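Here's the structure we're looking at; comments come further down.
Residue numbering restarts at 1 for every chain, and letters A, B, ... go by the order of the sequence lines. This structure is a prediction, so every number in the text was calculated from the model and none was measured.
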2 protein chains.
Amino acid sequence: MDRLGFAAAHLTNLEFGRDEEIIAQGCKAAFCYQVQSGCVRTVRLLEDGRRYIGAFLLAGDVFGWETGLTHDFAAESVTPVRLRRIRLSVLDEVADRDHGFATLLRHYAQAQLRFTQSRLILLGRKTAAERIASFLAEMQARLGTRTRLLELPMSRADMADYLGLTIETVCRGLSDLKRHGTIAVNRTRIQIQDPQALDRAGSDPVH
Amino acid sequence: MDRLGFAAAHLTNLEFGRDEEIIAQGCKAAFCYQVQSGCVRTVRLLEDGRRYIGAFLLAGDVFGWETGLTHDFAAESVTPVRLRRIRLSVLDEVADRDHGFATLLRHYAQAQLRFTQSRLILLGRKTAAERIASFLAEMQARLGTRTRLLELPMSRADMADYLGLTIETVCRGLSDLKRHGTIAVNRTRIQIQDPQALDRAGSDPVH
DNA sequence: CGGGCTCTTGACGAATGTCAATGGGTGTGG
DNA sequence: CCACACCCATTGACATTCGTCAAGAGCCCG
């Protein structure tokens, strides 16, 4: 999605601090956003307070474009973030004029769909321990650290709501991995000591 | 996706019986398919035999197009089905020539993504009873029966693997709804007696 | 140094999975 | 046409996993 840049005249730069609302749940969809730096979460609340996190967005990721008329998910900053914003109507116009860009958008949508589908199996069929291990593997891949030290941007509560678990279960899962010597844990700092054991614990058939 | 028809020269019609394999998991992606009649499921297996169903496809639905190089999910017929098949490379060509079709594809991908995301919250945060009620409501909407009689095409095992539950839990959930007078059950025939109670039981914030 | 976070751990309970037995329908072959 | 067998659905008893509630520890910031 780097070619978003060529519509530069229509881009607005924005900044948010920690834990601020970027998009309200259910509001009318007008803009989409690309993360320049920092981390954003998409959030959906049920009436009784249950919370679910649809995605964590990192530098380069785009959100808010998959929407229909309204945003089904809210978007909030996890860390301080810098964003670029573009009007959805402009995005559509550009896609109409520029074939290559339209193709890019379509492929991006397909990739997102594949990613989301593989999360379904995680939530539908994996145990708590497997979800946690998969999550750490995912984050290591996405944060792109060749080193084995992960600096997670999000809290345990965010992890829990992303994985369909509770805070306590996430803690226990991390502690188990620690006991087995697979990782070392210090708050949001995770040292991966045995990557193969981590992959095995996540039991990901693909990736 | 009805405009698939205008590439008629490249369409192949296919038929399958009950429980046949249409696409093998992990095979190279060459074609995509549209359901003409009947029901198809997409399936993913973990090594230890756990099974997950990604989607049920009904008449009009398209599958196999969201793929990268290989199909992450297998596709199998639930009932006897009639399908139309088109080569993915042809689909891309048509999208390159025809703006409107490219836009259609993109919007279809976005709609699928939104649907899949709302399934994440179902698997991540809903109880067994809520999942079952949501499923029945979904099927009623998709089968488009104005009457309140549902003829489910799939077995309890399929429902369970779609909802991230076991067969037994699905049965118990249906029995509970029956006890409350919300539905009547006879195998795959479901009579919805109290649609409002069903919606409440599913606690869907959107839709 | 103290207050308020978040994280961690333990004890317990509830929801769901597992294992097993039974029942009811459907299809097939006699 | 009937009988049997098989498959699927259902139900019960029990086990396990995960959530809930509660307490305490560590850390960050004023």
Inset, instruction - Would you classify V185(A) as touching base, sugar-phosphate or nothing, given that sugar-phosphate means primed atoms plus P, OP1 and OP2, and contacts are heavy atoms under 4.0 Å? - result: sugar-phosphate

Inset, instruction - Sort and list the pairs that fulfil salt bridge (Lys or Arg N to Asp or Glu O under 4.0 Å) and have at least one residue in residues 164-175 of chain A, not counting sequence neighbours. - result: none

Inset, instruction - Indicate the atoms forming the closest heavy-atom contact of L120(B) with L120(A), along with that distance. - result: CD2-CD2, 3.5 Å

Inset, instruction - Taking only Lys NZ, Arg NE, NH1 and NH2, and the carboxylate oxygens of Asp or Glu, determine whether R131(B) and E138(B) approach each other closer than 4.0 Å. - result: no

Inset, instruction - Output every pair passing ring pair (Phe, Tyr, Trp, His ring centres under 6.0 Å) with a member in residues 164-190 of chain B, not counting sequence neighbours, ordered by first then second residue. - result: none

Legend entry - Estimated bend of the helix from dC1(C)-dG30(D) to dG30(C)-dC1(D) (axis per five terminal pairs, rounded to 10 degrees): 30°

Legend entry - Output field: ring centroids W65(A)/Y33(A) closer than 6.0 Å: no

Legend entry - First and last nucleotide of DNA chain D, 5' to 3', lying under 4.0 Å from heavy atoms of chain B: dC8(D) to dA13(D)

Legend entry - Test salt bridge (charged side-chain N to carboxylate O under 4.0 Å, His left out) applied to D158(B) - qualifying residues, sequence neighbours left out: R41(B), R51(B)

Inset, instruction - Not counting sequence neighbours, which residues clear ring pair (Phe, Tyr, Trp, His ring centres under 6.0 Å) with F73(A)? List them please. - result: none

Inset, instruction - Taking atom types as modelled, find out whether S134(A) and K126(A) have a side-chain donor-acceptor pair closer than 3.5 angstrom. - result: yes

Name each donor-acceptor pair under 3.5 Å that joins a side chain in residues 188-197 of chain A to protein atoms two or more places apart or in another chain, with its distance.
residue	atom	partner	partner atom	Å
R189(A)	NH1	E151(A)	OE2	2.3
D194(A)	OD1	Q196(A)	N	3.4
D194(A)	OD1	A197(A)	N	3.1

Inset, instruction - Could I get the full list of side chain to side chain donor-acceptor pair (under 3.5 Å) partners for Y52(A), not counting sequence neighbours? - result: R119(A)

Interface polar pairs with nucleotides 4-6 of chain C, N/O, under 3.5 angstrom:
residue	atom	partner	partner atom	Å
dT6(C)	O2	R187(A)	NH2	3.2

Inset, instruction - Return the value, rounded to whole Å, for the distance between atom CE of M154(A) and atom P of dC7(C). - result: 11 Å

Inset, instruction - Scan for ring pair (Phe, Tyr, Trp, His ring centres under 6.0 Å) pairs involving residues 146-178 of chain B, sequence neighbours excluded, and state none if there are none. - result: F56(B)-Y162(B), F135(B)-Y162(B)

Legend entry - Residue-level proximity of residues 172-181 of chain A to DNA chain D when a heavy atom falls under 4.0 Å: R172(A)

Inset, instruction - Report yes or no: is there a donor-acceptor pair, N or O only, under 3.5 Å between the side chain of E168(A) and the base of dC7(C)? - result: no

Legend entry - Partners passing salt bridge (charged side-chain N to carboxylate O under 4.0 Å, His left out) against R125(A) (at least two apart in sequence or in another chain): D161(B)

Inset, instruction - Verify whether one side chain among E20(B) and S77(B) offers a donor that lies under 3.5 Å from an acceptor in the other. - result: no

Inset, instruction - Let me know the distance between CG of L165(A) and P of dC7(C), rounded to the nearest Å. - result: 15 Å

